[in-house]
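Numbering of ligands and ligand atoms starts at 1, following listing order.
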Amino acid sequence: MNKKLLAFLLASPASAEIIYASSYNDHAVTALNLNGSSLTVLGRNYDCGSEPTWLTLDKAKGVLYCLNEGWGGAASITSYKTSASGSLSTLDVLSVLKSPVSSTLFGADKSKLAVAYYDTSAFGTFDVSNPSDLKLLKQETYSLSGPGTVPERQDAPHLHDAVLDPTGQFLVVPDLGADLLRIYQVTDAVSGASAVGAVKAVPGSGPRHVAFATAGDKTYLYSTNELSNTITGYRVDYKCDAIPEFTSLFTFSTHGPGGSVPAGTKSAEIEVSPDQKFLIVSSRGEGLLKIPSFDPASPAEIVSDPLVSFAINGTTGALTHVQTAPAGGRNPRGFSLNKAGTLVVSALQDDNRVVVIERDVKTGLLGKIVAHATVGVGANNGPNYALFDE
Ligand SMILES: *[C@@H]1O[C@H](CO)[C@@H](O)[C@H](O)[C@H]1NC(C)=O
Ligand SMILES: *[C@@H]1O[C@H](CO)[C@@H](O)[C@H](O)[C@H]1NC(C)=O
């Protein structure tokens, strides 16, 4: 290599690590730059609408999708072109049914988006093959013949997440209101996915989010159940050309077997580490941990809810509690890991804060909070989701 070029490569600064965070109270998608211990705001975009929530990234195409729940206005999906500087250019804004809360890309070349709707009890698919021209493909609305075990939360079906399985052939959509995991098969039909069945969850558990883990030829699915604050593990058996079989392995507290949580606790996010060896769950409203304050002018310690980590036994799918660590503040509704599994970004909805926590890939232990930033304005309902541009 030419010496001048080598000198230039060695001197060039580490590439910026961009993080996106969505927040209700400032109605913005905030782009942040993580550089060592500094997390700074690069910019805010307001085109997602009144209540930005779930973000889905298509890294290969440099496209970010933002769902707007639309409590205070029309709900929508916004597509953005991302950039190295963190600025987001709006490609399209499509009005949709109220209350979209989670989405995932699926189909050939990630050309479709599946969306779960909470209040309106629906599942939808969209054609995103041209991100500048989003199109609704289909919408299915569900109903209940009567209220569920927890009537105040289970008055109707409440679809809360949409996750593609490791084969790319099935979507799993937990329904908190109906205590079901709704299963859709990815097909060549225009709609992209057809309902093929549902797995019954523990009555009154309220499955909210799910995550798959694979180990060799084995596949497991874990759900975090918001109403009972439990995790259910399933073994997933694929049959050729048929719907996979989900066998329940266990259900126990989000703090592990025998664990308990204070009244008012609501588990939220569940993620499997990139190496498939660990599972992390966030729990909201516990307020049992203390961490040093981020503000020199306020009290020395502040309250934090936890991120709870478990080791996955790849042979059996069993979970072993590894650590209960601070999430960085109150109401950790959403968090994500970076691709390497060395960092976790956590959105603290009641503290207008986003933090980055270091993570040991070998042990699965979360370490110190390496960086933090203020995201959101006003009381409560601040940042609810964050992810790395990776
Ligand atoms: C990261 O911070 C260092 C030290 O302040 C600076 O020299 C470098 O240019 C920064 N890199 C980026 C990509 O912002
Ligand atoms: C996984 O579980 C099996 C069966 O209980 C056990 O023999 C094995 O040691 C476990 N593996 C790990 C890594 O704990």
Side-chain angles (χ1 to χ4, degrees), residues 5-21 29-45 57 59 62 64 82-88 166 211-222 231-237 246-253 255-259 271-281 294 308-324 338-343 345 354-366 368-375 386-390:
L5 178 60
L6 182 63
F8 169 79
L9 288 174
L10 291 174
S12 55
S15 61
E17 178 117 47
I18 294 171
I19 289 170
Y20 304 108
V29 178
T30 298
L32 300 143
N33 182 31
L34 175 67
N35 182 357
S37 63
S38 117
L39 186 61
T40 51
V41 173
L42 292 168
R44 295 186 179 86
N45 184 292
L57 179 70
K59 181 60 184 170
L64 181 71
T82 63
S83 68
S85 70
S87 77
L88 297 169
F212 280 95
T214 56
D217 60 355
K218 300 207 162 123
T219 303
Y220 305 104
L221 178 75
Y222 301 94
I231 299 168
T232 301
Y234 299 88
R235 193 181 67 234
V236 186
D237 293 308
F246 293 79
T247 308
S248 172
L249 299 173
F250 61 83
T251 295
F252 54 62
S253 163
H255 286 256
E271 292 290 334
V272 166
S273 59
D275 63 8
Q276 309 290 296
K277 291 188 169 145
F278 296 90
L279 180 88
I280 309 175
V281 176
F294 296 92
V308 188
S309 294
F310 295 87
I312 299 170
N313 182 320
T315 311
T316 62
L319 299 181
T320 308
H321 178 263
V322 166
Q323 183 193 31
T324 299
N338 65 348
K339 268 226 165 85
T342 54
L343 297 171
V345 62
V354 169
V355 303
V356 177
I357 308 167
E358 64 185 9
R359 181 175 176 277
D360 185 316
V361 175
K362 276 229 167 76
T363 61
L365 292 171
L366 301 189
K368 59 178 189 298
I369 294 172
V370 293
H372 64 96
T374 297
V375 174
L387 88 169
F388 291 90
D389 183 358
E390 288 189 342

Atoms in ligand 1 with a heavy atom of Asn35 nearer than 4.0 Å: 1 (C), 2 (O), 3 (C), 8 (C), 10 (C), 11 (N), 12 (C), 14 (O)

Atom indices of ligand 1 within 4.0 angstrom of Asn33 heavy atoms, with elements: 14 (O)

Acceptor/donor pairs from residues 211-219 side chains to any protein atom, 3.5 angstrom cut, sequence neighbours excluded:
residue	atom	partner	partner atom	Å
Thr214	OG1	Gln276	OE1	3.4
Lys218	NZ	Thr315	O	3.3

Aromatic ring pairing Tyr222/Tyr220, orientation class (parallel under 30°, perpendicular over 60°, tilted between): tilted

Ring geometry between His372 and Phe294 (parallel below 30°, tilted from 30 to 60°, perpendicular above 60°): tilted

Listed partners of Glu390 passing salt bridge (Lys or Arg N to Asp or Glu O under 4.0 Å), at least two apart: none

Asp360: partners by salt bridge (Lys or Arg N to Asp or Glu O under 4.0 Å), with sequence neighbours left out: none

Side-chain (Asn313) to main-chain (Ala318) donor-acceptor, under 3.5 angstrom: no

Polar contact flag, side-chain donor to acceptor under 3.5 angstrom, Ser38-Thr40: no

First-shell residues of ligand 2 [heavy atom, distance under 4.0 Å]: Asn313, Thr316

